[in-house]
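Written below as structure tokens is the structure these notes are about.
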There are 2 protein chains.
Amino acid sequence: MGDTPGTGTGAEPALEEQIAAYQREFQDLDPQVEQIVSALSRLNRRMNVAYGRQTAELGITNADWEVLKALVLSGAPYRMGPSDLAKRLGLTPAAMTHRIDRMVAEGLVTRERDESNRVRVIVELTPAGREKWLEAMRLATVFEGDLLQDLSPAERTALGEALIRLLRRVEHAQPDAGGRLSDLD
Amino acid sequence: MGDTPGTGTGAEPALEEQIAAYQREFQDLDPQVEQIVSALSRLNRRMNVAYGRQTAELGITNADWEVLKALVLSGAPYRMGPSDLAKRLGLTPAAMTHRIDRMVAEGLVTRERDESNRVRVIVELTPAGREKWLEAMRLATVFEGDLLQDLSPAERTALGEALIRLLRRVEHAQPDAGGRLSDLD
DNA sequence: GATGTATTCTTCAGCGTCGAAATTTAGCTT
DNA sequence: AAGCTAAATTTCGACGCTGAAGAATACATC
């Protein structure tokens with residue numbers, strides 16, 4: 001009945017067990033590196049689950065939330081073309097068409113042709129869409145504050161610093177290459 | 001023609017710009033918290049792109065790689081049932097059926113019925129599958145070492161420590177609740 | 001001003017995933 | 001041993017995304 005944590009084939013092993021397994025199966029492994037990488041991945045995953053729950057509470061999907069974010073962060077008057085949105089979110093214009101369809105139906109955005117250039121379409125945030133984003137941000141900031149609660153100001157600074165250094169390194173090493181990037185921050 | 005980084009609606013703004021946009025649109029925001037969270041998300045995304053390129057080089061998909069990882073980390077004799085694999089990878093048994101179909105066709109795993117309990121199916125890593133995993137690990141560890149290259153041993157320790165602390169916090173706050181977890185480390 | 005090319009968006013077919021129903025086998029009860 | 005319940009896997013229908021083809025508009029060149 002009880003979970004046998006040591007040998008259980010079920011859900012997720014503790015991080016330490018997993019690293020031990022890596023070392024067992026792959027000799028030239030720096031456990032410290034693996035610890036950092038695995039923790040990063042796992043942490044991100046858990047955070048996405050948490051965000052997903054929060055957006056669900058608000059009656060929207062994570063996909064909706066991403067579009068709202070992109071529009072809000074673009075600044076007033078909160079307008080973008082579908083293909084700009086697609087680039088920003090890391091998906092194809094085809095997918096954006098459908099997302100926008102749905103979000104128009106939900107009243108989060110409007111879609112209209114650009115009269116000055118009728119090939120273009122303008123997606124604009126509605127007040128209701130903006131309000132949804134604000135609600136989501138309120139939930140998210142509470143969660144994020146809670147997440148970092150155990151870290152002192154000095155530790156937060158050090159963590160932010162270290163992450164930015166890693167980010168620079170990976171961005172330097174990857175000259176974009178047109179790869180799809182999925183999610184946004 | 002040139003990217004106008006300040007106002008460009010294109011791909012991704014620099015992290016600092018994005019945080020400035022957040023502060024502009026949402027007053028009660030701790031920029032330090034947002035920096036950490038955004039850097040985490042962005043870093044993870046870039047890393048996944050990098051892993052995707054590496055697996056593509058080896059002629060497999062990231063989905064294949066995840067299954068190989070789960071099997072290898074389960075330890076010799078590298079066998080698991082489809083539903084255990086599904087739990088471990090955070091997807092439904094239905095999806096596992098199709099993944100296994102593909103991977104059997106690629107020669108990475110075998111599928112056979114368990115003779116002692118004929119409801120069960122046993123998915124077993126082939127030597128070729130194990131070799132693929134090793135190749136992927138070799139590429140991954142090079143990349144990961146490179147990623148952390150700028151951090152001193154003390155900084156690495158501090159980073160790992162901090163990440164684990166965050167992880168504990170988020171795991172404590174989320175009593176699982178059956179949420180699908182997608183990717184693994 | 002007509003034609004050709006580029007740009008933007010939408011439509012279409014294919015694939016992977018999910019949720020639920022169906023199928024097969026095991027174990028228990030009477 | 002016949003039937004009931006539970007467990008593991010596969011099948012089926014729906015949805016979102018991708019890549020490629022199609023449609024509509026703008027811009028340049030002749």
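To find a chain, count down the sequence lines: A is the first, B the second, and so on, and within it residues start at 1.
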Please report the distance, rounded to the nearest Å, between [atom1] in [X] and [atom2] in [N].
X      : N      : atom1 : atom2 : value
A:L91  : C:dT10 : CG    : P     : 14 Å
A:L85  : C:dT10 : CG    : P     : 12 Å
A:H98  : C:dC12 : NE2   : P     : 10 Å
A:L89  : D:dT18 : CG    : P     : 10 Å
A:I100 : C:dC9  : CD1   : P     : 8 Å
B:M96  : D:dT11 : CE    : P     : 14 Å
A:K87  : C:dC9  : NZ    : P     : 9 Å
A:R120 : C:dT10 : CZ    : C1'   : 17 Å

Between the side chains of A:R138 and A:E57, is the shortest nitrogen-to-carboxylate-oxygen separation below 4.0 Å, so that they form an ion pair?
no

Determine the contact category for A:A94: base if any of its heavy atoms lies under 4.0 Å from a base atom, sugar-phosphate if only primed atoms, P, OP1 or OP2 are that close, otherwise nothing.
base

Pick base, sugar-phosphate or nothing for A:S83, based on heavy-atom distances below 4.0 Å to the nucleic acid.
sugar-phosphate

Could I get a table of every N or O pair under 3.5 Å where one atom is in the protein and the other is in nucleotides 24-28 of chain D?
unit_1, atom_1, unit_2, atom_2, d
D:dA26, OP1, A:R118, N, 3.0

Per the side-chain contact (heavy atoms from CB on, under 4.5 Å) rule, which among B:I100, B:T110, B:D84 passes with B:V123?
B:I100

Assess whether atom CD of A:E16 is packed by more than 12 heavy atoms of other residues, nucleotides or ligands within 6.0 Å.
no

All N/O donor-acceptor pairs, side-chain side in residues 101-109 of chain B, below 3.5 Å, sequence neighbours left out:
unit_1, atom_1, unit_2, atom_2, d
B:D101, OD1, B:R111, NH2, 2.3
B:R102, NH1, B:D64, OD1, 2.8

Choosing from D:dT9, D:dT18, C:dT17, which nucleotide comes nearest the side chain of B:R99?
C:dT17

Do B:E17 and B:Y22 get their side chains close enough for a donor-acceptor pair, meaning under 3.5 Å?
no

Within the pair B:R111 and D:dT10, is there a side-chain N or O less than 4.0 Å away from OP1 or OP2?
yes

Pairwise side-chain contact, B:L159 with A:L159, heavy-atom cut-off 4.5 Å (strictly under)
yes

How long is the span from the CD atom in B:Q23 to the CG atom in B:D30, to the nearest 0.5 Å?
9.0 Å

Distance (rounded to the nearest 0.5 Å) between B:N62 CG and B:T55 OG1
4.0 Å

Between its two end axes (five pairs each) the helix from C:dG1-D:dC30 to C:dT30-D:dA1 turns, nearest 10 degrees, through 10°

Determine, stepwise, if the pair B:R165 / A:E155 fulfils salt bridge (Lys or Arg N to Asp or Glu O under 4.0 Å).
CA-CA 11 Å; B:R165 216 138 17 119; A:E155 287 171 320; 2.7 Å; yes

